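It should be emphasised that the depicted structure is a prediction, and the values quoted were computed from it without experimental measurement.
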Amino acid sequence: MPKVITRFAPSPTGFLHIGGARTALYNWLFAKRHGGDFLLRIEDTDRARSTEAAISAISSGMEWLGLNWSGDAVSQFERSSRHREVAESLLEKGAAYKCYATAEETAAVRAKAREDGTAFRGDMWRDKTPDAETAARPYAIRLKMPREGSTTIDDLVQGTVTVENTELDDMILLRSDGTPTYMLAVVVDDHDMDVTHVIRGDDHLNNAFRQYQVLSAMGWDIPAYAHIPLIHGPDGKKLSKRHGALGVDAYAEMGFLPEAMRNYLLRLGWSHGDDEIIPTEQAIEWFNLENIGRGPARFDFDKLDNLNAHYLRKMNSEEILPLVKNELEKSVGQALSDIEQKRILRAMPTVAERAKRLPDIVEGASLFCNIRPLSLTEKAANTLSGQEAMIGGVANELAAVTNWTAEMIKAAIMSFAEARDLKLGKVMQPIRAAVTGGAPSGDLVDLLEILGQEEVLGRLSDQAAA
RNA sequence: GGUCCCUUCGUCUAGUGGCCUAGGACGCUGCCCUUUCACGGCGGAAACACGGGUUCGAGUCCCGUAGGGAUCACCA
């Protein structure tokens with residue numbers, strides 16, 4: 001088997017959406033799996049809709065996802081003279097012809113076909129010779145589709161799919177203004193770039209038959225095709241802005257990890273038995289086209305959250321901190337002091353354990369900054385009401401602790417509780433409420449130790465005074 | 001409407017004729033652990049779209065019906 005070459009070929013008319021990201025991931029994974037190359041080509045032949053902003057959004061999205069491509073991204077637009085060359089040669093071979101139909105004429109034929117319930121063939125000028133006047137008009141170049149037989153694609157995902165050639169239209173290769181269409185450009189570019197496997201959304205399945213005919217008219221090899229189902233929104237409808245049709249940058253902003261995203265996208269429509277947690281290294285080893293499902297999958301935030309939480313728990317404190325530092329400082333309102341940073345690093349494992357997304361970490365970690373006075377949740381306020389005197393007492397007891405360690409803190413609280421004949425929980429609960437304001441947190445004694453005596457006493461006295 | 005594709009718990013899926021009284025995961029939920037919240041552990045509810053075949057035997061094969069999706073541009 002020759003070296004595997006795959007490619008991702010988005011049109012730069014918007015951000016890199018989730019479906020495109022998955023397509024890119026599958027192409028990348030497949031190339032990696034077979035030691036091949038993964039290429040990026042920007043399909044920017046539609047000059048009116050293509051933007052620089054979209055191009056950079058796509059590359060930064062792919063970089064964030066860790067999908068690196070070989071060489072420079074290819075601009076399809078810049079290759080238009082080569083496309084034109086191929087169209088001309090098809091014309092010379094008699095495999096294509098000039099079409100002088102106007103937009104109105106074409107629209108009329110199309111409407112008629114639709115009405116008759118037949119396929120639009122676009123063959124108004126097939127096998128016709130223009131008179132002198134018409135010949136002077138601008139013309140488009142159409143492919144002369146075979147009218148006999150059928151075309152079969154052995155799709156690696158969809159299986160063997162056959163379509164009658166009479167269903168295929170004489171599609172336009174070169175527009176009347178001389179610019180190549182997508183249908184021509186993809187075929188030429190994939191051929192010139194030596195692409196061996198075309199892995200793309202199944203919205204292109206119908207195009208594959210038409211592209212096949214261009215390939216065979218040129219006598220070129222047919223690449224292997226794998227048309228993967230699209231991703232739908234939670235309601236089963238096509239993804240829209242309301243759902244997950246956000247750019248990958250939006251997911252980055254929501255606080256998802258690239259590794260979690262890759263794992264989620266991989267499992268959405270592909271499986272390896274009962275395996276759910278599949279780190280990228282493992283995915284490269286396992287990925288194949290055969291196990292891609294044939295039905296469209298729905299996007300599910302809950303599962304993404306779950307995966308994200310999993311990968312978050314596996315990270316080191318030192319790895320997480322830089323990811324949240326900026327947001328943390330923004331939320332606290334000032335740069336992190338060394339002391340705060342140390343507290344956060346110590347508390348990180350327990351903070352990460354109850355977080356799903358990065359913002360949860362910001363919230364949990366901010367508890368370890370100097371943020372007095374704390375705002376209380378309703379529940380915390382209830383726990384505290386009527387306990388002001390006790391909190392004051394506890395504060396006094398803790399103020400007397402000379403060696404601020406978990407053991408000493410715990411001993412102080414226990415002796416306080418015993419002296420008043422109170423159950424430990426009766427004392428612990430209000431302390432927690434006063435010190436955390438009701439935010440989720442781990443072991444209370446550890447929390448007090450990490451926070452430091454001064455900050456703890458401060459927070460307690462805030463509530464004792466209230 | 002034409003053409004093509006698809007159909008297992010709410011969701012992602014395992015399943016390639018007997019191992020399926022259908023398995024896993026997310027979500028939901030009961031209990032345990034516990035000073036809170038989590039994590040974790042042990043349970044629970046929850047699906048083969050429908051109707052016909054083929055077969056000793058069908059979630060698995062065939063046909064039909066219904067539903068869903070894609071596409072039908074001088075967009076990509």
Side-chain angles (χ1 to χ4, degrees), chain A residues 9-13 43-46 48-50 76 99 101-103 106-107 110 113-120 122 138-142 153 155 157-159 161-164 166-169 171-177 179-183 185-186 201-209 227 229-230 232 234 236-238 264 267-277 291 293-307 309 313 350-355 364 379-380 383 413 423-433 436 438-445 447:
Chain A
S11 56
T13 54
E43 313 240 301
D44 52 357
T45 54
D46 185 342
R49 296 200 304 153
S50 299
Q76 188 161 67
C99 171
T102 62
T106 309
R110 192 180 1 261
R114 182 74 187 247
E115 198 177 304
D116 296 347
T118 59
F120 167 72
Y139 58 85
I141 294 181
R142 286 184 183 271
I153 300 279
D155 194 278
V157 171
Q158 306 291 339
V161 186
T162 300
V163 94
E164 293 303 315
T166 48
E167 295 296 329
L168 273 19
D169 69 320
M171 63 190 182
I172 290 184
L173 267 16
L174 214 58
R175 301 188 185 97
S176 51
D177 64 359
T179 61
T181 61
Y182 158 80
M183 216 57 79
V186 241
D202 72 2
D203 49 335
H204 285 290
L205 181 58
N206 294 276
N207 292 334
F209 300 97
H227 288 95
L230 270 18
H232 286 188
K237 299 288 182 203
K238 196 174 171 179
Y264 178 71
R267 276 292 286 106
L268 189 63
W270 178 85
S271 61
H272 183 271
D274 284 339
D275 296 302
E276 297 288 346
I277 304 293
N291 290 331
R294 260 128 289 175
R298 301 184 192 200
F299 193 87
D300 179 17
F301 270 105
D302 282 335
K303 194 140 184 175
L304 213 207
D305 270 333
N306 178 269
L307 244 14
R313 285 196 294 274
T350 160
V351 169
E353 191 170 276
R354 49 220 86 207
K379 204 175 162 192
T383 305
I413 295 175
K423 276 190 166 174
L424 201 54
K426 286 283 178 199
V427 184
M428 294 289 225
Q429 299 283 13
I431 297 177
R432 178 183 296 279
T436 69
S441 50
D443 183 85
L444 180 59
V445 176
L447 175 84

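- With both pairing distances under 3.5 Å, B/rU65 is matched to B/rA49 as a Watson-Crick or G-U wobble pair.
- Among B/rU36, B/rC72, B/rA25, the nucleotide with an atom closest to any side-chain atom of A/Gln429 is B/rU36.
- With B/rC12, B/rA73, B/rA38 as the candidates, the nucleotide lying closest to the side chain of A/Arg354 is B/rA38.
- In this structure, A/Thr383 reaches neither bases nor backbone, as no heavy-atom distance under 4.0 Å exists between it and the strands shown.
- Checked against a 6.0 Å centroid threshold, the rings of A/Phe299 and A/Tyr264 count as neighbours.
- Counting only heavy atoms from C-beta on, A/Asn207 has its side chain closest to B/rA76 among B/rG24, B/rA76, B/rC39.
- Between A/Ser441 and B/rC37 there is no side-chain polar atom (N or O) within less than 4.0 angstrom of OP1 or OP2.
- Scanning atom types as modelled, no donor and acceptor separated by under 3.5 angstrom connect the side chain of A/Asp275 and the base of B/rA25.
- OP1 and OP2 of B/rC74 both lie 4.0 Å or more from every side-chain N or O belonging to A/Ser176.
- Proximity note for A/Arg432 (side chain, C-beta onward) versus B/rU35, B/rC74, B/rC37: the nearest is B/rU35.
- Among B/rG2, B/rG69, B/rA70, the nucleotide with an atom closest to any side-chain atom of A/Asp203 is B/rA70.
- Within the 4.0 Å cut-off from OP1 or OP2 of B/rG2, not a single side-chain nitrogen or oxygen of A/Arg114 is found.
- Checking B/rC12, B/rC37, B/rG27 against every side-chain atom of A/Leu268, the shortest atom distance belongs to B/rC12.
- The A/Asp274 side chain lies nearest to B/rG23 when the options are B/rG23, B/rA76, B/rA70.
- A/Phe120 pairs by the ring-ring contact (aromatic ring centres under 6.0 Å, His included) definition with nothing, not counting sequence neighbours.
- No donor-acceptor contact under 3.5 angstrom links the side chains of A/Ser11 and A/Arg49, judged on distance only.
- Relative ring orientation between A/His204 and A/Tyr182 is described as tilted, the plane-to-plane angle lying within the 30° to 60° band.
- Checked against B/rC37, B/rC39, B/rU35, the side chain of A/Glu353 finds its nearest nucleotide in B/rC39.
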Between protein and nucleotides 4-8 of chain B, what N or O pairs are separated by less than 3.5 Å?
| from | atom 1 | to | atom 2 | distance (Å) |
| --- | --- | --- | --- | --- |
| B/rC5 | O2' | A/Gln158 | OE1 | 3.0 |

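- Checked against B/rC74, B/rC26, B/rG40, the side chain of A/Thr106 finds its nearest nucleotide in B/rC74.
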